[in-house]
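The basis for the numbers below is simple: all heavy atoms, side chains too, and nothing from hydrogens, waters or symmetry mates. Letters A, B, ... mirror the listed sequences (proteins, then strands); counts begin at 1.
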Number of protein chains: 2
Amino acid sequence: MPIDDWEPPAVLLTVDLVILTLREAGLRVLLIERGVPPHQGALALPGGFLGHLGEDIEAAARRELAEEAGLGDRSLHLEQLGVYGEPGRDPRGRVVSVAYLAVAPRLPDPVAGTDASGAGWHTAESVLSGEVTLAFDHRRIVADGVERARAKLEHSSLATAFCAETFTISELQEVYEAVWGTRLDPRNFYRKVQRTEGFIVADGPSRRTENGRPARLFRAGPRTVLHPPMVRP
Amino acid sequence: MPIDDWEPPAVLLTVDLVILTLREAGLRVLLIERGVPPHQGALALPGGFLGHLGEDIEAAARRELAEEAGLGDRSLHLEQLGVYGEPGRDPRGRVVSVAYLAVAPRLPDPVAGTDASGAGWHTAESVLSGEVTLAFDHRRIVADGVERARAKLEHSSLATAFCAETFTISELQEVYEAVWGTRLDPRNFYRKVQRTEGFIVADGPSRRTENGRPARLFRAGPRTVLHPPMVRP
DNA sequence: GCCACTTACTGTCAGACTGACAAAAAGCTA
DNA sequence: TAGCTTTTTGTCAGTCTGACAGTAAGTGGC
C-alpha cells in the first residue's frame with residue numbers, strides 16, 4: 001500500500017528505570033529530579049535517550065543505572081518491563097521509552113540528597129497513591145514495575161535480589177512482606193522456604209546476632225523458578 | 001555529559017505479531033512470506049513499520065493484524081510481549097521492534113495459500129525446533145510468545161481466548177494440552193475447572209453432539225486471574 | 001430393540017500442601 | 001537466674017492434587 005518512496009517515520013528512543021529496593025522495611029523506588037525541560041524540576045524515573053545509534057537497549061539501561069543511580073559495577077537484577085510509546089506522552093516529539101525493572105539490595109544513600117521531596121528513595125506507596133507526582137507517564141510505569149515484582153516474588157527467586165549476598169530467613173520474609181504489603185506467619189514462611197529445594201542454601205555454620213536467638217545465614221540457591229509457588233494471601 | 005547541540009539518535013519502529021491459534025489439536029503460529037527485502041521470500045512474523053509519526057503502537061499492531069492476517073474486526077486477545085532492538089538485527093538500519101502476542105480462536109484458512117512451506121499456520125513445534133527458518137530474530141520472538149502463553153495459561157483465563165464464544169470443557173482441555181504439550185487427566189481437569197469460580201459459566205442448557213455423550217456448553221466467565229492457578233505437570 | 005462403542009460426567013481415596021497455633025531453643029539484659 | 005526477644009521445630013485439621021473406578025447419555029451396527 002505505501003507509495004514507492006514512502007519512508008517509515010523515525011522515533012526517539014529512551015530507557016526508563018524502575019529501581020526497587022528495601023529501606024526501613026518498606027518498598028522504595030529511586031526517583032531523580034529532572035535538570036532539563038520538559039518537566040524541569042519534577043520528579044521522574046532515572047533514564048535517558050539512547051546514547052548513539054549502535055547502542056544496545058539493555059546496555060543503555062545499564063549505562064543509565066551507572067550514570068544516574070550510581071549502581072554501575074554492582075551485579076543486580078535487571079529485566080525488561082515493557083514499552084511506553086503513546087503519542088503525546090513527551091512534548092519533545094515521538095518518544096518511545098523502554099522501561100526496565102531493576103532490583104537492588106539495601107544500599108547506602110544514593111547520589112543526591114535525602115530531602116523528603118527531592119531525589120532519592122521514595123516509598124512505592126507514596127508514588128502509587130499519587131502523593132508524590134511524577135513526570136510523563138512514570139507513575140504508571142512504577143505501578144507496572146511494582147506489580148511485576150509482586151508477581152515474580154510468587155514464582156521466582158527474585159526476592160533474593162533484594163537481599164545482600166547472605167541473609168537470614170526473616171530478612172527474606174521482610175522482603176515478601178514489604179513488596180506484597182502483607183504480614184506473613186514466620187513459622188509457615190520458614191517451613192515453606194526451607195522445603196522449596198534449591199531456593200536458598202545454608203551458608204556455612206555462621207550465624208548473626210542482634211537481639212534474640214541467632215539466625216542461620218543463607219545465600220541464594222540455584223533455583224530461579226519456584227514450584228510450587230509462594231502464595232500471596 | 002552530552003555537548004549542547006547533541007541530538008539523540010532516531011530509530012525505526014516496527015511491530016511484530018505472534019498470532020497463536022489451535023489447528024488440528026496443535027499449537028500454530030501465523031507466518032507470512034516476505035515480499036520485499038531484506039529476507040525477501042523468507043518466512044517471518046506479520047508486522048511492519050509504524051504507519052506515521054502519530055500512530056499509537058498498539059493501534060499499529062491492530063492495523064497489521066487486519067492488513068496482514070485478515071483479523072481486523074474480530075475481538076481477540078492482544079498483549080505486548082516485549083521489545084527486540086539489538087543493533088544489527090535488521091540490515092536496513094537501527095530497527096526496534098515491539099512484539100505483540102495475539103491469541104485467536106480456531107479460524108478458517110488464513111489469507112494466503114496453505115503450502116506446507118508457505119505463508120499460513122505453522123506448528124509452533126516446527127518453528128521452535130528450527131525445522132522452519134524465520135527471518136530476523138523472529139524465532140526467538142516466537143519462543144518468547146509461546147512461553148508467555150504457556151505461563152499465562154496457568155494464572156489467567158487466557159485459554160478461553162483460544163476457544164469460540166461457547167465451548168465444552170474438553171475443548172478447553174485441548175487448549176491446555178496443545179499449548180503445554182502435555183496430556184491431562186480429563187476427570188481432574190473437569191473438577192479443577194468447575195471449582196475455579198468465575199473461570200467458565202454454563203451457557204444455557206444447550207448441548208452439542210458428535211460422537212459420545214453430549215457435552216455441556218460454557219462461555220468465559222468474569223474472572224481473569226486464576227487463584228489457585230492451573231498447574232503445569 | 002439390544003449391544004458395542006464413544007465421550008461426558010460424578011465419585012473415592014491417599015498423599016501433599018496450607019493456615020493457625022504451641023512449644024522448645026538460644027542468644028541478650030538485668 | 002529470670003525475663004525478654006527472635007529463631008527454629010512441631011502439631012493438627014482442612015484443602016487441593018493425582019490416580020483411578022464407575023455411571024450417564026449419546027452414536028451406529030445388526
Side-chain angles (χ1 to χ4, degrees), chain A residues 25 153-155 159 163-164 166-178 180-219 223 225-233, chain B residues 25 153-155 159 163-164 166-178 180-219 223 225-233:
Chain A
L153 246 52
E154 295 188 89
H155 313 288
C163 298
T166 69
F167 49 86
T168 68
I169 290 189
S170 359
E171 284 168 350
L172 192 63
Q173 182 181 341
E174 281 173 30
V175 173
Y176 278 90
E177 293 184 334
W180 283 349
T182 59
R183 303 291 298 177
L184 302 174
D185 184 300
R187 300 161 290 193
N188 293 336
F189 184 83
Y190 201 96
R191 176 184 57 192
K192 173 69 178 173
V193 165
Q194 283 281 45
R195 295 215 182 150
T196 303
E197 191 110 11
F199 185 12
I200 58 174
V201 296
D203 185 64
S206 17
R207 283 151 191 268
R208 181 191 298 180
T209 169
E210 183 179 310
N211 201 346
R213 169 173 176 176
R216 278 185 278 184
L217 287 176
F218 297 84
R219 60 177 64 242
R223 166 157 319 187
V225 184
L226 304 186
H227 215 68
M230 312 286 296
V231 272
R232 230 188 305 193
Chain B
L153 246 54
E154 296 189 87
H155 313 289
C163 299
T166 69
F167 50 86
T168 68
I169 290 189
S170 356
E171 285 168 349
L172 191 63
Q173 182 180 342
E174 281 173 30
V175 173
Y176 278 89
E177 293 184 333
W180 282 350
T182 59
R183 304 291 298 175
L184 300 173
D185 184 303
R187 301 160 290 192
N188 293 338
F189 184 83
Y190 202 96
R191 176 185 59 191
K192 174 68 178 174
V193 164
Q194 284 280 45
R195 295 215 181 148
T196 303
E197 191 109 12
F199 185 12
I200 58 174
V201 297
D203 184 65
S206 17
R207 286 152 189 266
R208 179 191 300 179
T209 169
E210 182 178 309
N211 200 348
R213 168 175 175 176
R216 279 185 278 184
L217 286 176
F218 296 84
R219 60 175 64 240
R223 166 155 321 187
V225 184
L226 304 185
H227 215 68
M230 311 286 296
V231 273
R232 226 188 308 193

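We find that OH of B/Tyr190 is positioned 17 Å from C1' of D/dA21, with the value rounded to whole Å. As a whole-Å value, the separation of B/Glu171 CD from C/dA8 C1' is 13 Å. When rounded to the nearest whole Å, the span between NE2 of B/His227 and P of C/dT18 equals 12 Å. For B/Met230 and D/dC16, the CE to P distance is 14 Å, given to the nearest whole Å. Rounded to an integer number of Å, the gap from CG of B/Leu184 to P of D/dG18 is 9 Å. Distance B/Leu226 CG to D/dC16 P: 14 Å, rounded to the nearest Å. Atom CZ in A/Arg195 sits about 10 Å away from atom C1' in D/dT9, given to the nearest Å. To the nearest angstrom, P of C/dA8 lies 12 Å from CZ of B/Phe218.
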>> With side-chain contact (heavy atoms from CB on, under 4.5 Å) as the criterion, how do B/Phe218 and B/Val193 come out once you've worked through the C-alpha distance, each side chain's angles and the decisive distance to 0.1 Å?
In response: CA-CA 11 Å; B/Phe218 296 84; B/Val193 164; over 6 Å; no

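A sub-4.0 Å separation between OP1 or OP2 of D/dT17 and a side-chain N or O of B/Lys192 is present. Using a 4.0 Å cut-off, no side-chain N or O of A/Arg213 falls inside it from OP1 or OP2 of C/dC28. Neither OP1 nor OP2 of D/dG18 sits under 4.0 Å from any side-chain N or O of B/Arg183. In this structure, A/Ser170 does not reach the D/dT6 phosphate: none of its side-chain N or O atoms is under 4.0 Å from OP1 or OP2. At D/dT8, one or more side-chain N or O atoms of A/Arg216 fall inside 4.0 Å of OP1 or OP2 (strictly under the cut-off).
Residue A/Gly212 is the one, among A/Gly212 and A/Gln194, whose nearest nucleotide of DNA chain D lies closer to the 5' end (criterion: closest heavy atom). Residues A/Pro186 and B/Asp185 both approach DNA chain D. Their nearest nucleotides, taken by heavy-atom distance, put A/Pro186 toward the 5′ side.
For B/Arg191 and D/dG18, a side-chain-to-base donor-acceptor distance below 3.5 Å is present, hydrogens and geometry of angles not being considered. For B/Arg187 against D/dA19, a side-chain-to-base donor-acceptor contact under 3.5 Å is absent.
When the nucleotides C/dG19, D/dT8, C/dT10 are ranked by their closest atom to the side chain of A/Val231, C/dG19 comes out on top. When distances are taken from the side chain of A/Pro214 to each of D/dG18, C/dA26, C/dC9, the shortest belongs to C/dA26.
Relative orientation of the B/Tyr176 and B/Phe199 rings is perpendicular, given thresholds of 30° and 60° on the angle between their planes.
Taking the six-membered ring wherever Trp is involved, the centroid distance between the rings of B/His155 and A/His155 falls below 6.0 Å.
Checked for salt-bridge contact, B/Arg232 and B/Glu154 meet the test: a charged N lies under 4.0 Å from a carboxylate O.
Between B/Gln173 and B/Tyr190, the closest side-chain pair of non-hydrogen atoms is not below 4.5 Å.
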